[in-house]
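Below is one structure, written out as structure tokens, with a few remarks after it.
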2 protein chains.
Amino acid sequence: MSEPDPSDAYGETRPFRVRSSTAEWAAAILRQRVTEGGLAPGSRLAEDELTAELEVSRNTLREAFSLLGHERLLEHRLNRGVYVRVLSPADVADIYRVRRMIEGAAVRRGERDPAALAALREVVAEADKAAAEDRWPDVGTADLRFHLVIASLNGSERVNTMMAQLLAELRLVFHTMDPHALHAPFLPLNRELLTLLDAGRGPDAEALLAAYLDQAERVLLATY
Amino acid sequence: MSEPDPSDAYGETRPFRVRSSTAEWAAAILRQRVTEGGLAPGSRLAEDELTAELEVSRNTLREAFSLLGHERLLEHRLNRGVYVRVLSPADVADIYRVRRMIEGAAVRRGERDPAALAALREVVAEADKAAAEDRWPDVGTADLRFHLVIASLNGSERVNTMMAQLLAELRLVFHTMDPHALHAPFLPLNRELLTLLDAGRGPDAEALLAAYLDQAERVLLATY
DNA sequence: TCTTATCAAATTGTTCAACAATCCTTACAT
DNA sequence: ATGTAAGGATTGTTGAACAATTTGATAAGA
């Protein structure tokens, strides 16, 4: 009678009484699988399998699907099921278009927010340390956090949300590539960008960032 | 989930065979009521009433709630129900911050997209006509469409979606005000902006737009 | 009178099982 | 090879049931 609890396999036990809903708990597990590559883009998420595995009702699972669908990680096709989103080259180009807009606007003014600059320094140090220890996936997440902080310079809650969503989408592409080749070239650029921001040289930072994002976009599109 | 709604279902009668899901159909009806003022900000949407009125199940209605919640039109309070969103002054300020970023970036380059310019001319004409006939609510929708087209100059599908969502949020505030006082001052500014865009004078257009949005924000915040 | 405690009613949160609608595969016919 | 017609599998929707929480009313006590 000792049936293994599927949730234990992921180190996530389901509390008896949770403040957050069961749907969010299920969504968190699926989100992790998607963003960490356990579920490849394009694969289908069958309701039967997942209700059995996660031990939640179909309704709850479908609510979790809905949550992840709004984060653009899953794609819902009417009467055909739910699939892990597949980013097209056009999607990648669009995402980088938005990034140029958001991060460019954030950087242009050259405003020196002490808290943000401190956060940037911390993230850069974290990335350097991870790189020195060959933990390239960690370098990748540090890189994403760097740009999230950049975006936050806009001082807008909504922009922060948009940016987080964009970066989550990008993860769909990232984990199909070699994290070293993907992130190594950008470590020095992050440092340089930080010094420009520190000096309040907004326009220079914007120009560097634009070149930065163009290059990153080219690297990603080269894999298609 | 995130499926484009053909929004064919505005007659409030459910077609025998629906192409979109029932939840999206219900969401479309509620969305219209909220954005057109039939449901005032702060009012509660009781499940019992709406399941009876729309003749959908509770589960389906709650999925519609979820959709509109993600669009920030409805607000969900745990165990207390769903309410039409009430925008705080901070929300309004945040929305205008994002608008300055999106519309500013769209206009700065001074790129002359013939299709977009034609669309802008058409919308301006529509607004003028509606104003001449004292149909001020129609002037309001034309004004919103004007700025939606402006945003589309960025050439990004995601930006278009963001902008549409921002303007839907703004409607929550708009329809609590006198549409004449709200939109009349901005008719000539729209025309002027159009001529600047026509001449490819990007920076001038950006400056005008920034002043424009600052003024609009002040007008809105003055009502709080 | 005011505060606090308790209870009952109403509403939301969650799950389940059944049925309807749709898609997809297979088999068959042309 | 192409098109068509079952049927089996999967998703869409519903109604009901029960749990948990809020709300409002009532009663008890200071």
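First the proteins, then the strands, lettered A, B, ... as listed; each starts at 1.
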**Request:** On DNA chain C, check which nucleotide each of Arg77(B) and Tyr83(A) is closest to and give me the residue with the more 5' one.
**Result:** Arg77(B)

**Request:** Examine dT11(D): is either OP1 or OP2 under 4.0 Å from a nitrogen or oxygen in the side chain of Arg62(A)? Give yes or no.
**Result:** no

**Prompt:** How long is the line joining CG of Leu50(A) and P of dT11(D), in whole Å?
**Reply:** 10 Å

**Message:** In whole Å, I'd like the distance from the CG atom of Leu74(A) to the C1' atom of dT11(D).
**Reply:** 15 Å

**Message:** Let me spell it out: for each of Asp48(B) and Asn59(B), pick the nucleotide of DNA chain C with the closest heavy atom. Which residue's pick is nearer the 5' end?
**Reply:** Asp48(B)

**Request:** Dump the intermediate steps for side chain to side chain contact (heavy atoms under 4.5 Å, CB included) on Val82(B) and Glu75(B), then the final yes or no.
**Result:** CA-CA 6 Å; Val82(B) 170; Glu75(B) 187 184 357; over 6 Å; no

**Prompt:** Counting side-chain heavy atoms from CB outward, which of dT13(D), dT14(D), dT12(C) is closest to Arg58(B)?
**Reply:** dT12(C)

**Request:** Indicate whether OP1 or OP2 belonging to dG12(D) is found under 4.0 Å from a side-chain N or O atom of Thr22(B).
**Result:** no

**Prompt:** Has Arg44(A) got a side-chain N or O lying under 4.0 Å from the OP1 or OP2 atom of dC24(C)?
**Reply:** no

**Fill in**
Looking only at heavy atoms, the pair that brings Ala93(A) and Arg100(A) closest together is O-NH2, 4.5 Å

**Message:** Just the rounded figure in Å: distance from C1' of dT14(C) to CD of Glu55(A).
**Reply:** 16 Å

**Item:** Minimum-distance nucleotide to His76(B) side chain [options: dT22(D), dC16(C), dG13(C)]
**Value:** dG13(C)

**Request:** Using whole Å, report how far CG of Leu78(B) lies from P of dT11(C).
**Result:** 17 Å

**Message:** Just the rounded figure in Å: distance from C1' of dT11(C) to CZ of Phe65(B).
**Reply:** 12 Å

**Prompt:** In terms of the angle between their ring planes, are Trp136(A) and His180(A) parallel, tilted or perpendicular, with boundaries placed at 30° and 60°?
**Reply:** perpendicular

**Item:** Carboxylate-amine/guanidinium proximity below 4.0 Å for Arg33(B) and Glu53(B)
**Value:** yes

**Fill in**
To the nearest angstrom, the CH2-P distance between Trp25(B) and dT13(D) comes to 11 Å

**Request:** Report the distance from atom CG of Leu67(A) to atom P of dT14(C), rounded to the nearest whole Å.
**Result:** 11 Å

**Message:** Measuring from the side chain of Asn79(A) (C-beta onward, heavy atoms only), which nucleotide among dA16(D), dT11(D), dT22(C) has the closest atom?
**Reply:** dT22(C)

**Nucleotide of dT12(C), dG15(D), dT22(D) approaching Arg80(B) most closely (side-chain heavy atoms)** = dT22(D)

**Prompt:** Nearest-Å distance, CG (Leu45(A)) to C1' (dT10(D))?
**Reply:** 14 Å

**Prompt:** Salt-bridged, Arg85(B) to Asp91(B), with N to O below 4.0 Å?
**Reply:** yes

**Prompt:** Within less than 4.0 Å of OP1 or OP2 of dT14(D), is there a side-chain N or O belonging to Thr60(B)?
**Reply:** yes

